[in-house]
Amino acid sequence: MYRILKKEVLSDVVKLMEIEAPHVARRARAGQFVIVRIDEFGERIPLTIADYDRDRGAITLIFQELGKSTIQLGRLRTGDSIASFAGPLGHPTEIENYGTVACVGGGVGIAPIYPIARALKQAGNRVISVIGARTKELIFWEEKMRAVSDALIICTDDGSHGRKALVTEPLKELLENREMKISRVWAIGPAIMMKFVTLATRPYTVPTTVSLNTIMIDGTGMCGGCRVLLEEGSKFVCVDGPEFDGHKVDWDNLLSRLTFYRDEEKRALDLYNHKCNLDKATVAEDR
Amino acid sequence: MGELTMQERMKIKRHAMPNQDQEARRGNFSEVALGYTAEMARKEADRCLQCKDPQCIKGCPVGVMIPQFIKALREGDMVKAVEWMKVKNNLPAVCGRVCPQEVQCEGHCILGKKGEAVAIGRLERFVGDFELEHRTCPLVKAAGTGKKIAVVGSGPAGLTCSVDLARQGHHVSMFESLHGPGGVLIYGIPEFRLPKSVVHGEIGYAVDCLGIELKTDHVIGRSFTLGELLEDYDAVFLGTGAGLPSFMRIPGINLNGVMSANEFLTRVNLMKAYQFPDYDTPVRIGKKVAVIGAGNVAMDAVRCSVRLQRILAERNATAPGEAHIVYRRSSGEIPARMEEYHHAREEGVIFDLLTNPVEILGDEKRAVKGLRCIRMELGEPDKSGRRQPVPVEGSEFVMDVDTVIMALGTNPNPIVFVDAEGLDRTRQGTAVADAATGRTMKKRVWAGGDVVTGAATVISAMGAGKRAAADINAFLKGENTWD
Ligand SMILES: Cc1cc2nc3c(=O)[nH]c(=O)nc-3n(C[C@H](O)[C@H](O)[C@H](O)COP(=O)(O)OP(=O)(O)OC[C@H]3O[C@@H](n4cnc5c(N)ncnc54)[C@H](O)[C@@H]3O)c2cc1C
Ligand code: FES
């Protein structure tokens, strides 16, 4: 069992958890992920590592409550434990001094882009970061991002914080600005955002690394459920990735594969909500 | 009753295995083969001729003392039968259920030359199940030696190696990347063939009795590397199996509705997707399923499909659908255990033999809508001695399917080989290791099971684990050196 050392509510639907897992923290690096399982009945959920503390043997995860499993995880509290925690999985980000780089984080993607921006900064890069979300409440870690970036641009879809724009808008301006000399881009966020980032960078032939979050089960190369179609053929995201050259990804294939279990996910969520409501009602009645 | 004569023994007919009703079992995941009663087991044991030069033992990859355990069994001395069994085999309840006996012990039985072999596998299971229930033979740990061994992987190879080394008094840590031990026994082979309670029972017992330290969620190559293990342990055994699935190189493999048998079986068995939504992991099965391949993995996948289709159909009050095996050779070459093939037929699986897929067709939503196949005929024998299938020109046709499951073999998982300089591998990715000792090209590292042989059998993996354990033990006690 792995104990939750700390929990923070970053927004209504975005939670942070620091979890004790020394065997993962000891070698964890930016860009890698873990697989967690809440309990005996739980599914294996892949989550990107948002931060790690080797001394305390702890891994920080940030997740958005989207379906039954992440909602259930988000209800756990400091001191609670979860059943499984495997990792660190996948390859770490290749960090070098590339000159000037842009780090784009959308939604919960802000969490995994943070350690990458930090590592790039430490390696001597000039780091321009762009973070965005639907609305102000969904933006988190603004100060942390600012601390590791030479410049930070914030966007929201509704204009409630920073610029009213999609992250691709300021990114295009940065690429257009010759003096900036952006030599590389990292983008992490919803698949559709990553797709549009790669479309934006393609005309400028700026290498663009994306971190894919496909459906996974084992996370160790045993099932192929995570496979993604690249120009050169199929790859397993869990062992060959999770980071790939975004210009080579067949996004439409990826987007359609992500929807495969949508009906089942909805069914599980409806049942869970129903059960939680029943529980609440029974508690109320007992009182 | 006095001793039976040889003639009398030879007159007794082989006892059929009581099975769950053919019709009922299509709709559940409970075990199909129910096991002999004590009466049946004793009578079946009576058939054994106790040969002076028993051939059956030669057919067993670990050399189980077959005539001895059968003799004890028919004399009603179950404790002794278990003792004889455990000399060579720690997992009889597992092996009795999954070994391909027809090509091993039973394939060599003298009775099989004219009539039917003694049902050694069923007797082995009977003894194993007795032991699981009664715990007659507690494994004993020798006095501590102070030596530490890291075993990577907890499938049959790793488990056997761990048990044998722990019995010798060494401290064993078993590292497993999944959340539970057992390897293929847990994630691959379905409940209806090998109940998970049997696997948990066998493993839990061994681990508790012998104080084996079980480290799940540890992915070697990532959480720790082989190099790091060698700093902390006196010896390392790799039993990481061959879990990496291969996909056919045909158009359409990335359509929705195409999966590897490993994905499908892992969802169903390890994650218990057949009990979704009580368990969180779902599995999607269509109305018309094609499983490509005809090995044990394919049979398991197709029989799981039959059951899921039936369960869904009952829930939604619809027709149950069809499950096909698509195989490019003929029935004579089917590599699966005989029993699995028969059970699959009984359960209504349709066999499309001498048929090879050439393309998976998708609809506008990128979901599978068909499988284009070509008919094959048998030509000249190839290197393996099997007649090579060759395409029949102009025989292409489209099978109407919505789910395609690939069961085409697997390769060793590469992660463990990260930071493992000096550990040689073949072109297929298997570890190079000495067949007699399991020694790899890297000092203090042994390997065995599917990671060395490629996908093989439970018992051959156990045999490799055993041989490696013997060599590791001798090495640690200074009875032999590495060079
Ligand atoms: C569906 C299916 C049905 C089968 N049916 C039969 C049958 O009826 N009869 C029969 O004899 N054989 C059968 N087999 C074959 C048999 O199961 C295998 O040959 C046998 O399990 C191999 O044992 P192993 O210990 O080498 O590897 P495995 O059982 O594969 O175990 C390897 C273990 O190592 C773990 N591992 C891998 N990499 C790492 C790492 N880097 N770090 C930590 N742990 C790691 C894996 O998670 C796994 O648990 C079947 C196989 C399958 C897939
Ligand atoms: S998640 Fe199973 S192979 Fe990648």
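Throughout, protein chains are lettered first and strands after them, A, B, ... in sequence-line order, and every chain is numbered starting at 1.
Along residues 47-56 of chain A, no residue comes nearer than 4.5 angstrom to chain B, judged on non-hydrogen atoms. Taking non-hydrogen atoms and a 4.5 Å limit, the residue list of residues 212-228 of chain A in contact with chain B, ordered by number, reads A:Ile215, A:Ile217, A:Asp218, A:Thr220, A:Gly221, A:Met222, A:Cys223, A:Gly224, A:Gly225, A:Arg227.
Atom-to-atom distance recorded for B:Asp280:CG and A:Phe41:CZ is 9.5 Å, nearest 0.5 angstrom. Interatomic distance, B:Ser223 OG to A:Leu89 CG, rounded to the nearest 0.5 Å: 7.0 Å. Atom CG of residue B:Leu255 and atom CG of residue A:Asn253 lie 7.5 Å apart, to the nearest 0.5 angstrom.
In this structure, chain A has heavy atoms under 4.5 Å from both the backbone and the side chain of B:Leu244. If you measure heavy-atom distances from B:Glu228 to chain A, the contacts under 4.5 Å come from the side chain alone. Of the two parts of A:Asp39, neither the backbone nor the side chain holds a non-hydrogen atom closer than 4.5 Å to a non-hydrogen atom of chain B. Heavy atoms closer than 4.5 Å to chain B are found in the side chain of A:Phe236, but not in its backbone.
Comparing A:Ala21, A:Pro88, A:Ser69 by heavy-atom pairs within less than 4.5 Å of chain B, the highest count is held by A:Pro88. In terms of non-hydrogen atom pairs under 4.5 Å with chain B, the most contact-rich of A:Glu40, A:Glu265, A:Arg37 is A:Arg37. Chain A forms more heavy-atom pairs under 4.5 Å with one residue of B:Ser260, B:Ala273, B:Pro245, B:Gly241 than with any other, namely B:Pro245.
No donor-acceptor pair closer than 3.5 Å links the side chain of A:Ser256 to the backbone N or O of B:Arg366. With B:Tyr279 contributing its side chain and A:Gly42 its backbone, the two residues share no donor-acceptor pair below 3.5 Å. With hydrogens and angles ignored, the 3.5 Å screen pairs no side-chain donor or acceptor of A:Arg27 with any backbone N or O of B:Phe224. B:Asp217 places a side-chain N or O within donor-acceptor distance of the main-chain N or O of A:Phe85, the cut-off being under 3.5 Å.
Within the 4.5 Å cutoff, the side chain of B:Arg222 has heavy atoms near those of the A:Gln32 side chain.
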